[in-house]
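Right, one structure below, let's go through it.
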Amino acid sequence: MATKKESTKKAVETKTANTTKKTTATKKSTTTKATAKKLPEIKVVDKKKVVFLASEAAPFIATGGLADVIGSLPKALAKRGNLDVSVILPLYSGVSSEFRKDFKFLISFNVSVGWRWQYAGIFYYEYQGVKFYFIDNEYYFKREGNIYGFFDDGERFAFFSRAALDTISRLDIYPDILHCNDWQTAASIVYLKGMYYGNEKFRKIKSVFTIHNIEYQGIFNMDTFAELFGFSENTRPFVEFNGSVNLMKAAIEMTDIVSTVSPSYANEIKDSYFAHGLENIIIRNERKLHGILNGIDVDYYNPETDKFIFKNYSLDNLEGKKVCKAELQKMLGLPQREAVPIIAVISRLVSHKGLDLVRATLEELLTGDVQVVILGKGEIGYENFFNHTAYCYQGKCVSIIAYNQDLSRKIYSGADIFLMPSKMEPCGLSQMIASRYGAVPIVRMTGGLNDSIKNYTGDSGNGFTFRDYNAHDMLFTIKNAVRTFADKTTWADVQKRAMETDFSWNFQAEKYEELYNK
Ligand code: GLC
C-alpha cells in the first residue's frame, strides 16, 4: 500500500529511468544510422516474454476477483514497456460478442486428452497492449450458465492446460515465463516440467504459479492421473496427495516460483487454519513463495468517469457522491436521508466471506439508525437469511440476490461504509474498489485485507479494522465507524484517506517484474 505522494514520486523516478534508457537507445541508433534521412522507429526487440494462463479475464468473461486480476495485471505489465505480454484463455460461449466479432482465427489442431484427441481452434485479439489467445472447443466451453461447476471440469481444464502449451509450440510463441493461475491451469506446469521437458524450448521456460485461493485445489480420483490427464509416470510423486490427484499441490511442488496475492496470505497459508490441508506442502516450498498484493484497474474503477453511477465525482468535489447516495436510496426504497449511514456488503454469499458474523449481529445493528444494503448471491442459507431480514426491516435493510456490475457500482458510489469481515481473504479487491468510491471499508485483519486497510486512529489509517473472528468485535467496530460518521470533519478525513490510497497496479506490477527477473 502506498500513499498518493509516494506513488507519484516513484512514478516520476520510473519515468526518469525510462527516459534515460530511451535517450541512450536513440543516441546509439543516431550514430549507426547517421546517413538515414528519417530515423526508424525504435523497437525493443529483446523484451522478455510472459504468457499468462487463466480461466477468466475481464472484460471478456468474469465471475470473480481472478478475472479482475487477469484483466488488469497483464495490461499494467505491458504498459510498463519492459515485457511482451500474452494471455491464453478458454473461449467460453459467454465471451461477449462485442469482442468476439473482432477475433481473428489463427489455426486449429488436435489436442491429446487421455485416450482421445480433441479439436482446438485458436483465435487472436489484441487488447490494451496485451495479446490474447482464445482456445475454442464447443464441447468443453459452450455451456449454459456458469463457467465452472460441471461434472467434467477436470477434463475441461486438462484440455485447456494442454492446448495452451500446444498453442505456444504451434505458434512458436515460447515465453521466458509461463505464469499460471489457480488449479484450472495448474496441470500446465505438470506438463511443462514433465512430458514437454524433452523439448529444449519448453525446458527453457520458467514458471510462476499464483494461488488466488488455496481452498480450490482441483482434486480428482487417482484413476484420472494417466487416463484423463495423461501425466507422465515420473510426475506421480508430485501430483498425488492423500490418494488423489491434487493439481494445486502438483503445481506448487513443480513450479519455479509460487506467488500468492498478498504478503499476509503468503504467511497464513503455512498454517493449517488457512491452508486447507496444504500447509506442509507450502512450508516445504517456502523458499520459492512470494506474496504480492493485487492492484485494481483504477481507470475502470473511477468515480470521475464511471458510466454506471448516478453522478460522477472526485476526491476534490464530493457533491456527486451525495447525489449517488440519494438516488441509491430512492432506487432501493430507503428514506432519502443524508444523515443516516449506508452500510454496504457486496460479496459472494459464501462462508469464508465472514457472513456468519453478519448473520449473528445484523438485527442488533439494525436497531440503530443505519441503512444496510446487501448485494450478492451464493449459498441458499445466506440468501434466505438476508431476504428474510430485509423483509422484516423494510426501509432499513435491502437485499438483492444477484451478481450485477451496474448495481455494484451504484452501491459503491452511494454507500458510506463498506463491510468486509472475511474469515479468510487471499487478497480481496472489493475493499479497494469501495475505497476508491469513498465507501470507507470495515475489514477483518486477514490476508490482503490486512495489507490494504489500516485502522483509523486520527493520524493515520484508511478504514476500520478488527482482528478476531468474533461477531461482537465486528459490531463494536461498525458502531465505532457509525459514530465517526456522525462527526463530519473526522469522517471527511478518513474518507479522504481511503480515497487517496493508491491501489493501482503501478507498484505491484513492478514487483511481478522483479519476480520474473529472478
Ligand atoms: C480470489 C480470492 C480473492 C482475490 C482474488 C484475486 O477470488 O478469494 O481474495 O482478491 O482471487 O486474486
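In what follows, every heavy atom counts, from backbone to side chain, and hydrogens, waters and symmetry copies are set aside. Atoms within each ligand, like the ligands themselves, are counted from 1 in listed order.
Aromatic ring pairs are classed by plane angle as parallel below 30°, tilted from 30° to 60° and perpendicular above 60°; the pair F231 and F229 is parallel.
Checked for salt-bridge contact, D468 and R444 miss the test: no charged N lies under 4.0 Å from a carboxylate O. A salt bridge does not link K423 with D356: none of the charged nitrogens is closer than 4.0 Å to a carboxylate oxygen.
Taking every heavy atom of N294 and a limit of under 4.0 angstrom, the matching atoms of ligand 1 come to 6 (C), 10 (O), 12 (O). Every atom of ligand 1 is numbered from 1 in the order shown, and the set under 4.0 Å from a heavy atom of V69 is 6 (C), 12 (O). Taking every heavy atom of V261 and a limit of under 4.0 angstrom, the matching atoms of ligand 1 come to 12 (O). Atoms of ligand 1 lying under 4.0 Å from at least one heavy atom of N213, given by number and element, are 8 (O).
Considering both main-chain and side-chain atoms, C427 comes within under 3.5 Å of ligand 1 through a nitrogen or oxygen pair.
The environment of N146 atom CG is sparse: at most 12 non-hydrogen atoms of other residues, nucleotides or ligands sit within 6.0 angstrom.
Of the options K49, K511, H179, a side-chain contact (heavy atoms from CB on, under 4.5 Å) to Y516 is made by H179 and by none of the others. Applying side-chain contact (heavy atoms from CB on, under 4.5 Å) to I346 and the options I400, N404, L407, I411 leaves one that passes, I411.
Which of G448, G428, G65 comes nearest to atom 4 (C) of ligand 1 through a heavy atom is settled by distance: it is G428.
At the top of the distance list for atom 9 (O) of ligand 1, counting protein heavy atoms only, stands E425 OE2, 2.6 Å. Counting protein heavy atoms only, atom 11 (O) of ligand 1 is closest to H212 CB, 3.4 Å.
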